[in-house]
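For reference, the structure is listed below as structure tokens.
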Amino acid sequence: MNTTVTRSISGLVFLAVMIGSLLGGKFFFLPLFLFIQSQMLNEYYQITLGNRNKGVRNLAITFAIIAFGLVFVTTLVEPVSVFPVKYLGIVLLLLVALLMYMVLNHKDFKDNAYVLAGLAYIGLPISLSPFVVSTAEGYSGLLMLSFFIIIWASDVGAYCFGMLLGQKIWPAKMCPEISPKKSWAGFVGGWITVLLAAYILLRTGMITFPVVHVLVMASLMHVTGVFGDLFESLWKRQFGVKDSGNIMPGHGGLLDRFDSALFAIPTGYVYLLLIGLL
């Protein structure tokens, strides 16, 4: 099958699953994001560790899954104002088990550092994602979907403007040592499409915050999303790989699809939180 056709079909399936799950309710959101978290961690550990230390990496993935599940329960199933001690105890026990495993496996200090880095890079932001879909009325996937639309607009705009202007008219590269194809034309083009997408989200009622804050939020998400993309590119370059996986034909792994989101979504949420809109 033609590569372009494969990428298009794979991309459409990805969009359908993401949109359907986010709008379908919390029990569609739960399995999707658990799978995303587990798969991304698995891709990260497979590249950084290969077949080494499977015990500690599996324990780390289990820790991330339980952390996500507990946040999900306490925000969307049994909302509480204070994180219950009994749940916190479970998290701490598993964390202690993970750290003890690392101490006993002290000869592989670098591998242990990779395991902890994976939890901070992937496990933490995904585990906290239920906060984004939790509202006073219960579950709502509109804000999370809006975040993803902003990220997708950034990617599409950067690609289109980069192809149109970044070849000859404005060929200056952002970080040629890390990602040779990223140009400043693409960065500015992505910013323009992000602002347009944010305005459309406002007009359609998907976002109901003040226009100035939405545009600032979208701009910050664009910048940090690009940084997230560059961070993953730098990581892959260190290990000599092109794609983080092959789960999405023509696109690579899930980490290739969510690298921007790992930085951009926390940025958007924290901005709204800090200015008192959440």
- Task: Would you please test Leu277 and Met217 for side-chain contact (heavy atoms from CB on, under 4.5 Å) and show each step?
- Result: CA-CA 12 Å; Leu277 293 176; Met217 177 197 74; over 6 Å; no
Nonpolar side-chain network containing [X], other nodes, edges under 4.5 Å:
{"X": "Val156", "answer": "none"}
{"X": "Leu12", "answer": "none"}
{"X": "Leu196", "answer": "Ile200"}

- Query: Got a sec: does the CZ of Phe209 have more than 12 other heavy atoms crowding it under 6.0 Å?
  - Reply: yes
- Message: Is it the case that over 12 heavy atoms from other parts of the model lie below 6.0 angstrom from the CH2 atom of Trp191?
- Response: no
- Item | Tyr269 side, atom OH; Met144 side, atom CE - distance, nearest 0.5 Å | 10.0 Å
- Examine the side chains of Thr224 and Thr267 and answer whether a donor and an acceptor come within less than 3.5 Å of each other. yes
Under a 3.5 Å distance rule, please check whether [X] uses its side chain to pair with a backbone N or O of [Y] as donor and acceptor.
{"X": "Asp256", "Y": "Gly253", "value": "yes"}
{"X": "Ser179", "Y": "Cys175", "value": "no"}
{"X": "Gln37", "Y": "Ile126", "value": "no"}
{"X": "Thr74", "Y": "Val71", "value": "yes"}
{"X": "Ser38", "Y": "Phe35", "value": "no"}

Of all residues at least two apart in sequence or in a different chain, which pass the ring pair (Phe, Tyr, Trp, His ring centres under 6.0 Å) check with [X]?
{"X": "Phe187", "value": "Trp184, His222"}
{"X": "Phe14", "value": "Phe258"}
{"X": "Phe227", "value": "Phe263"}

- Query: Between Asp229 and Lys182, is the closest basic N to carboxylate O distance under 4.0 Å?
  - Reply: yes
